[in-house]
> 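Before we start, here is the structure in question, set down as structure tokens.
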Amino acid sequence: MMKKSLIAGISLLAVSACSNVKSPDLCSILGWCHAGPDVKYIDVRTEERVNYTTSEVAGYNNVQVENQGYQLPKRGERYESANYVITPEVYGVLATRVAGKVLEDSPAIFANNPKAPVYVADMVQIDRYLPEGGYAAGQTAKNILVNSNMFNLVDNPDAADYVFESSLTNSNIPEVPVISYEMRLMDRNGNMLNSWSDTVRQVQNDDGSWW
């Protein structure tokens, strides 16, 4: 009988301890109660550190973001504080390499239909925070295709049998960028027939050149 009373007393004490998170005595020692620290993560959309309290996580639909604690600088700010210079010429050199690959492979691709109408779409810049001058990549590649006289280029995408698409981005972090440029040949149904890409990064030397 005494043992049952003792067990009942301990159970009551544990329940009381768990009901008051401010008293971490027996409840915390035995690990029966867990208030838990705030859950921290980096919001990939804003790159800001935000906190969720455990009670908010439990009530998922009522989650509220607490603007407290350390905040990671946004991507644009990280580019601005980085110690390097990317000029339009850097983007142009990269696009020249890729366009050269396109010209090498195109005779075989268009061998059966050399007069097929081709449209060159505007370049898409995926990383919108890239240092200014990215437009030079798309413009350089387009000029090379036009001046090659290898394609029957048209101004209306609806009249084209093939479309050259292109994109520019940074495939690494803002502090150590690796600039990537890609061109893709699509048919009129949106199927990709071929793709070409290359990258450029800053050489770790005194002149800060890009290769």
Side-chain angles (χ1 to χ4, degrees), residues 44-45 47 74-76 78-211:
V44 296
R45 294 168 298 179
E47 295 196 359
K74 293 183 179 180
R75 192 172 182 85
R78 294 167 64 188
Y79 273 117
E80 292 174 359
S81 61
N83 186 26
Y84 55 79
V85 176
I86 303 179
T87 64
E89 288 74 20
V90 172
Y91 297 113
V93 168
L94 176 58
T96 298
R97 295 178 186 173
V98 177
K101 296 179 182 180
V102 173
L103 296 186
E104 289 179 5
D105 294 341
S106 291
I109 296 175
F110 292 92
N112 295 328
N113 193 6
K115 295 298 183 180
V118 179
Y119 177 76
V120 181
D122 292 336
M123 183 196 74
V124 174
Q125 183 168 312
I126 299 174
D127 185 345
R128 63 191 180 95
Y129 294 108
L130 273 174
E132 187 175 357
Y135 66 88
Q139 188 60 56
T140 298
K142 184 173 183 177
N143 289 342
I144 291 174
L145 297 184
V146 171
N147 294 330
S148 70
N149 295 318
M150 293 176 58
F151 308 97
N152 177 24
L153 299 178
V154 296
D155 295 328
N156 183 1
D158 295 331
D161 289 340
Y162 301 95
V163 176
F164 276 115
E165 297 180 349
S166 62
S167 60
L168 179 75
T169 193
N170 174 14
S171 56
N172 204 34
I173 60 176
E175 291 76 11
V176 186
V178 176
I179 311 303
S180 304
Y181 182 70
E182 181 184 25
M183 295 187 68
R184 297 169 297 276
L185 179 63
M186 317 293 292
D187 66 17
R188 64 185 309 112
N189 297 318
N191 300 311
M192 187 175 70
L193 304 179
N194 209 336
S195 67
W196 305 264
S197 63
D198 209 330
T199 61
V200 66
R201 68 189 72 199
Q202 189 175 33
V203 180
Q204 300 301 310
N205 57 18
D206 294 336
D207 65 6
S209 57
W210 293 76
W211 296 100

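These numbers were taken from a predicted model, which means no experiment stands behind them.
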> Evaluate Arg78 against Ile173 for side-chain contact (heavy atoms from CB on, under 4.5 Å), listing each step before the verdict.
CA-CA 9 Å; Arg78 294 167 64 188; Ile173 60 176; 4.2 Å; yes

> Is it the case that Asn147 and Asn143 place a side-chain donor and acceptor less than 3.5 Å from each other?
no

> Drop me the distance from Met183's CE to Ser197's OG, to the nearest 0.5 angstrom.
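Answer for the CE-OG pair, Met183 versus Ser197, is 11.5 Å.
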
> How far does CE of Met123 sit from OH of Tyr91, to the nearest 0.5 angstrom?
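Between atom CE of Met123 and atom OH of Tyr91 there are 9.0 Å.
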
> Do Tyr162 and Asn113 meet the criterion of a side-chain donor-acceptor pair at a distance under 3.5 Å?
no

> So does Val176 get a backbone contact from the side chain of Arg201, meaning a donor-acceptor N/O pair under 3.5 Å?
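Not a single qualifying donor-acceptor pair exists.
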
> Minimum heavy-atom separation for Met150 and Ser106, please, with both atom names.
CE-CB, 4.1 Å

> Would Leu168 and Tyr135 count as a side-chain contact (heavy atoms from CB on, under 4.5 Å) if you check the C-alpha gap in whole Å, the side-chain angles of each, and the deciding distance to 0.1 Å?
CA-CA 9 Å; Leu168 179 75; Tyr135 66 88; over 6 Å; no

> Can you give me the closest heavy-atom contact between Ala136 and Pro88, atom names plus distance?
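Scanning both residues, the minimum pair turns out to be CB-O, 3.4 Å.
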
> So, for Pro177 and Asn170, which heavy atoms are closest and what is the spacing to 0.1 Å?
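So the minimum-distance heavy-atom pair works out to CA-OD1, 3.4 Å.
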
> Rounded to the nearest 0.5 Å, what's the gap from CG on Asp155 to OH on Tyr119? Could you check?
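That separation rounds to 8.0 Å.
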
> Tell me whether the count of non-hydrogen atoms from other residues, nucleotides or ligands lying under 6.0 Å of CG in Asn83 goes above 12.
no

> Using 30° and 60° as the class boundaries, would you call the ring planes of Phe164 and Phe110 parallel, tilted or perpendicular?
tilted

> Can you see which heavy atom on Ile144 is nearest to which on Thr96, and at what distance?
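Result for this residue pair: CD1-CA, 3.8 Å.
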
> Of all heavy-atom pairs between Tyr129 and Gly76, which one has the smallest distance, and what is that distance?
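In terms of heavy atoms, the two residues are closest at CD2-CA, 3.5 Å.
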
> Before you tell me yes or no, could you show the steps for Arg184 and Ser167 under side-chain contact (heavy atoms from CB on, under 4.5 Å), namely the whole-Å CA-CA distance, both residues' side-chain angles and the distance that decides it to 0.1 Å?
CA-CA 9 Å; Arg184 297 169 297 276; Ser167 60; 3.2 Å; yes

> Yes or no on side-chain contact (heavy atoms from CB on, under 4.5 Å) for Asp127 and Tyr79, after CA distance, side-chain angles and deciding distance?
CA-CA 11 Å; Asp127 185 345; Tyr79 273 117; 2.6 Å; yes

> Glu175 and Ala82: which non-hydrogen atoms are nearest, and at how many Å?
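Scanning both residues completely, I find the closest heavy atoms to be CA-CB, 4.4 Å.
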
> Roughly how far, to the nearest 0.5 Å, is the CD atom of Glu165 from the CG atom of Asp122?
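If I round to the nearest 0.5 Å, the distance is 11.0 Å.
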
> Applying the side chain to side chain contact (heavy atoms under 4.5 Å, CB included) test to Ile179, which of Asn172, Asp198, Leu130, Thr169 qualifies?
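Answer to the side chain to side chain contact (heavy atoms under 4.5 Å, CB included) test with Ile179 among Asn172, Asp198, Leu130, Thr169: Leu130.
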
> Just verifying a value: how many Å separate Lys101 NZ and Leu103 CG, rounded to the nearest 0.5 Å?
12.5 Å

> Are any side-chain N or O atoms of Asp187 and backbone N or O atoms of Asn189, one a donor and one an acceptor, separated by less than 3.5 Å?
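Such a contact is found between Asp187 side chain and Asn189 backbone.
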
